[in-house]
Amino acid sequence: MSRSLPAVPVRLSEAVADALSDGRPVVALESTVYSNLGLPSPDNATALEKCIAAISESGSTPAVTAVIEGELRAGLDQHEYERILGKATKAAERDLPVALGQRWSVGATTVSASLAIAEAAGIALFATGGIGGVHRGSELTGDISADLGAIARHRVATVSAGAKSFLDLPRTLEALETLGATIVGWGTDVLPAFTARETPYALPYRIDQLDELSRIVAAQLQFGRGMLIANPVPLDDALDQQVHDEALAQALDDAEASGVVGAKVTPFVLGRIAEATDGASVPANISLVANNARLAGRVAAALTTS
Ligand code: PSU
Ligand code: MN
């Protein structure tokens with residue numbers, strides 16, 4: 001006799017619940033990148049507004065994920081946005097049971113947590129900035145983001161501007177392959193790295209047509225698994241490569257010297273890069289995350305019309 005598992009409890013906003021029950025397109029967003037852990041204030045609010053607008057303009061409904069007052073949420077009401085923009089606790093997928101059990105007031109969901117929530121809600125597309133991955137020096141520290149396994153495992157397609165530039169990018173690609181995560185480049189042959197459009201690392205597939213991309217996503221969803229769509233930062237907003245590389249080298253040195261480890265590494269390094277580029281990394285960051293939200297919205301819309 002088979003018994004079904006209890007469903008993961010996700011509270012949907014009215015707009016998201018209506019869209020899902022009508023079969024209209026929905027795009028999930030994470031909340032860590034918009035919190036004090038991702039972007040400095042007030043740029044975080046700008047980024048969130050732009051992502052929401054980009055999804056709406058594409059004809060899809062935005063569903064920001066978060067933990068609020070001990071509940072998993074997909075879709076927040078306007079007055080609730082300020083909760084995630086402020087001080088929040090980082091919640092990866094493994095933290096969600098604790099966030100529920102301890103009734104966290106605000107948990108900012110990372111990529112892995114957002115994917116778990118999106119899948120439970122039945123949302124097929126998810127947009128973020130740059131995913132977490134295999135950290136440099138992981139052969140010693142073992143630091144590999146839970147984002148990677150979550151991208152492969154959950155039945156949701158993720159749009160990101162490749163992986164964050166401070167990661168070990170070749171190992172990140174290898175890990176995605178090992179996990180069985182399908183990965184395609186949107187208009188690119190190589191892996192983009194966040195504020196950089198290009199890296200030397202080839203992707204297995206380049207896709208240039210939206211209908212082709214949406215057919216691939218539809219097929220992937222039939223397998224009940226997830227995939228990564230690597231979408232380069234728009235040309236005009238990419239960070240100068242040399243400026244970026246210098247800031248990154250400094251940020252990584254600082255992280256090591258300060259003994260930062262674990263979940264604190266990503267927020268620390270992102271903050272140091274913003275400082276070292278005199279804030280130039282921030283407009284690039286806003287542009288790429290909105291660009292990903294737009295593409296996710298277009299794919300979600302194409303999926304429902306095909
Ligand atoms: N990309 C950004 N800013 C961020 C993150 C990604 O531009 O803050 C967050 C995402 O939520 C991602 C998380 O899931 O960092 C990865 O953290 P870690 O490396 O600790 O797994
Ligand atoms: Mn980590």
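Here the structure is a predicted model, which is why all the values come from computation and not from measurement. Counting starts at 1 for both ligands and their atoms, in listed order.
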Check your understanding: For the Mn ion (ligand 2), which N, O or S atom of Asp143 is at the shortest distance?
Key ->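 This residue's closest N, O or S atom turns out to be OD1.
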
Exercise for review: Out of Lys90, Glu30, Lys264, indicate the one that has the non-hydrogen atom closest to atom 11 (O) of ligand 1.
Suggested key: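 Going through Lys90, Glu30, Lys264 one by one, Glu30 has the nearest heavy atom to atom 11 (O) of ligand 1.
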
Check your understanding: Distance-only, no hydrogens or angles: does the Ser112 side chain make a donor-acceptor pair with backbone N or O of Asp147 under 3.5 Å?
Key ->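 No, Ser112 side chain to Asp147 backbone: no donor-acceptor pair under 3.5 Å.
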
Exercise for review: Could you check Thr266, Thr172, Asp143 and say which one makes a side-chain contact (heavy atoms from CB on, under 4.5 Å) with Leu167?
Suggested key: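 So the option named by the test is Thr172.
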
Point to revise | Residue from Thr46, Thr195, Asp43 passing side-chain contact (heavy atoms from CB on, under 4.5 Å) with Val282 | key: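 Output: one option passes, namely Asp43.
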
State the atoms of ligand 1, each with its element, that fall below the 4.0 Å cut-off from a heavy-atom position in [X].
X: Asp147; value: 12 (C), 14 (O), 16 (C)
X: Ser145; value: 18 (P), 21 (O)
X: His135; value: 19 (O)
X: Gly38; value: 8 (O)
X: Val33; value: 2 (C), 3 (N), 7 (O), 8 (O)
X: Gly130; value: 1 (N), 6 (C)

Review point. Side chain, backbone, both or neither: which part of Asn285 has a heavy atom under 4.0 Å from ligand 1?
Key: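 Only the side chain of Asn285 comes within reach of ligand 1.
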
Exercise for review: Please work out whether any backbone atom (N, CA, C, O) or any side-chain heavy atom from C-beta onward of Val289 is under 4.0 Å from ligand 1, and answer side chain, backbone, both or neither.
Suggested key: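 For Val289, no heavy atom sits under 4.0 Å from ligand 1.
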
Write out the residue and atom name of the closest protein heavy atom to [atom], then the distance separating them to 0.1 Å.
atom: atom 7 (O) of ligand 1; value: Phe194 CZ, 2.9 Å
atom: atom 3 (N) of ligand 1; value: Leu270 CD1, 3.3 Å
atom: atom 5 (C) of ligand 1; value: Lys164 NZ, 3.2 Å
atom: atom 19 (O) of ligand 1; value: Thr266 OG1, 2.7 Å

Review point. When hydrophobic residues are tied together by side-chain contacts of less than 4.5 Å, even through go-betweens, does Val8 share a cluster with Ile123?
Key: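 Same cluster.
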
Check your understanding: Got more than 12 heavy atoms from elsewhere within 6.0 Å of CD, Glu256?
Key ->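 No, the 6.0 Å shell around CD holds no more than 12 heavy atoms from other groups.
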
Review point. Is the number of heavy atoms from other residues, nucleotides or ligands under 6.0 Å of Arg206 CZ greater than 12?
Key: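 Above 12, so yes.
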
Review point. Is any NZ, NE, NH1 or NH2 atom of the basic residue among Glu119 and Arg153 found under 4.0 Å from an Asp or Glu carboxylate oxygen of the other?
Key: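 No, Glu119 and Arg153 are not salt-bridged.
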
Exercise for review: Report yes or no: do Glu30 and Thr128 form a side-chain donor-acceptor pair below 3.5 Å?
Suggested key: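 Judged by distance alone, the side chains do pair up.
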
Point to revise | Between His244 and Ser281, a side-chain donor and acceptor under 3.5 Å | key: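 No, because no side-chain N or O of His244 sits under 3.5 Å from a partner of the opposite role on Ser281.
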
